[in-house]
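Below is one structure, written out as structure tokens; comments come after it.
Remember, it's 1-based here, ligands and their atoms both numbered in the order they're listed. Counting from 1, the numbers follow the sequence of the chain as shown. Every heavy atom of this structure was used, including side-chain atoms; hydrogens, water molecules and symmetry mates were not.
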Amino acid sequence: MVNEKLSEALKEIEYFLLDMDGTVYLGDELIGEMDQTLRFLREKGKKLIFLTNNSSKSNEKYIEKLKRLNLFGEGDEVYTSGMATADMLVERYPEETVYLLGTEALKEEFKSKGVNLVENGQPDIAVLAYDTELTYEKLCKFTTAIKKGALYIATHPDVNCPAPEVFVPDIGSFMAMIELSTGLKPIEIVGKPYDGMGKALMKRFDAGNNKFIMVGDRLHTDIKFGNNCGFYSALVLSGESALDDVKKSDARPTFILDSLNDIKNYF
Ligand SMILES: [Mg+2]
């Protein structure tokens, strides 16, 4: 595999944005000696940020799992599309009121970041998240709010949430139902492959796009996200994609690795 420029790029890259399933673990198993690889990256001074589109869980749930697998170290962070949405709202709409269709965990997250959440009355903005505690009442509040003119923002686009044995509709399915009912689509979607999470991180760390690399196993989400943000990207073949898939996709990984463990060879 041709990764001639990877060693050069690693000199300027400071932030490793890491997909989780298929990239650092598979289900409940580490991919190779990933714990040692991540430790190596930390020792090289790289900041590790685990990224997920799932806005139904708080980042603590992910941190728990990563700690259990020995993958979470000092200075690491988990950043969800829900957190990115809250950061974006505080930055761009500091005064506006927000109705959040989301889990209690996400509501707490929004409040702690200073988003002006309201339960009653017409909000300025209505945010759709992956709400695993969805009720009909919440749904009607949401459709009413956007029909009456609230800005409609969604945390991410995934249609289903991968799960063993059961079939789990994610936020993209809610969007389809809301569109059929109201005729309205979100004016903005924050999560991968859109650039919202990337913009929020660049802002937060005050860093240019050449300081970031997105590492993931999916071309149409992880690598597209890297492309859309102008970040370096590395496709790892340890999860969903095979080398052949690259030719068929319009997503363009900057680098391709059998797994993230190979990165050590380029320092
Ligand atoms: Mg993945």
Side-chain angles (χ1 to χ4, degrees), residues 1 15-35 37-38 41 46 48-57 59 61-72 76-84 130 132 155-173 189-198 201 212-229 231-246 248-263:
M1 252 161 248
Y15 303 93
F16 271 71
L17 309 182
L18 303 172
D19 169 57
M20 289 184 264
D21 210 354
T23 300
V24 295
Y25 55 70
L26 270 174
D28 262 325
E29 302 274 320
L30 287 195
I31 294 173
E33 292 170 334
M34 192 57 67
D35 49 342
T37 300
L38 299 189
L41 289 172
K46 309 302 179 190
L48 308 184
I49 302 167
F50 299 91
L51 280 196
T52 174
N53 263 1
N54 190 339
S55 61
S56 73
K57 294 186 200 168
N59 58 347
K61 287 267 179 266
Y62 287 101
I63 292 173
E64 254 172 54
K65 174 166 183 178
L66 291 165
K67 279 191 174 158
R68 183 159 49 78
L69 293 174
N70 213 10
L71 292 174
F72 196 83
D76 293 0
E77 290 185 32
V78 170
Y79 199 55
T80 71
S81 68
M83 295 167 76
Y130 175 28
T132 49
T155 56
H156 62 293
D158 303 40
V159 174
N160 288 304
C161 185
E165 317 239 342
V166 280
F167 208 80
V168 183
D170 199 333
I171 181 172
S173 311
I189 302 175
V190 176
K192 297 181 286 189
Y194 302 96
D195 64 1
M197 294 171 92
L201 288 168
F212 292 84
I213 185 168
M214 176 69 210
V215 185
D217 68 317
R218 281 183 171 182
L219 285 156
H220 61 284
T221 52
D222 301 319
I223 302 306
K224 266 246 167 98
F225 166 77
N227 293 165
N228 288 339
C229 297
F231 296 165
Y232 290 110
S233 62
L235 177 72
V236 288
L237 304 176
S238 48
E240 221 174 67
S241 306
L243 197 52
D244 268 358
D245 298 323
V246 179
K248 295 176 222 145
S249 172
D250 59 344
R252 285 282 156 255
T254 334
F255 309 110
I256 302 175
L257 299 167
D258 283 337
S259 85
L260 179 58
N261 295 311
D262 291 357
I263 197 99

query: Hey, mind stepping through T23 and I31 against side-chain contact (heavy atoms from CB on, under 4.5 Å) and telling me if it holds?
result: CA-CA 7 Å; T23 300; I31 294 173; 5.6 Å; no

- prompt: Where does the angle between the aromatic ring planes of F231 and F212 fall among parallel (under 30°), tilted (30 to 60°) and perpendicular (over 60°)?
  reply: parallel

field: K224 bridged to D250 by N-O distance under 4.0 Å
entry: yes

Smallest separation among heavy atoms of D222 and M214, with atom names: O-CG, 3.4 Å

Closest approach to the Mg ion (ligand 1) by D217, given as the N, O or S atom name: OD1

field: Name of whichever N/O/S atom of D19 is nearest to the Mg ion (ligand 1)
entry: OD2

query: What is the name of the N/O/S atom in D21 that sits closest to the Mg ion (ligand 1)?
result: O

- prompt: Of the backbone and side-chain N, O or S atoms of E240, does one lie nearer to the Mg ion (ligand 1) than 2.8 Å?
  reply: no

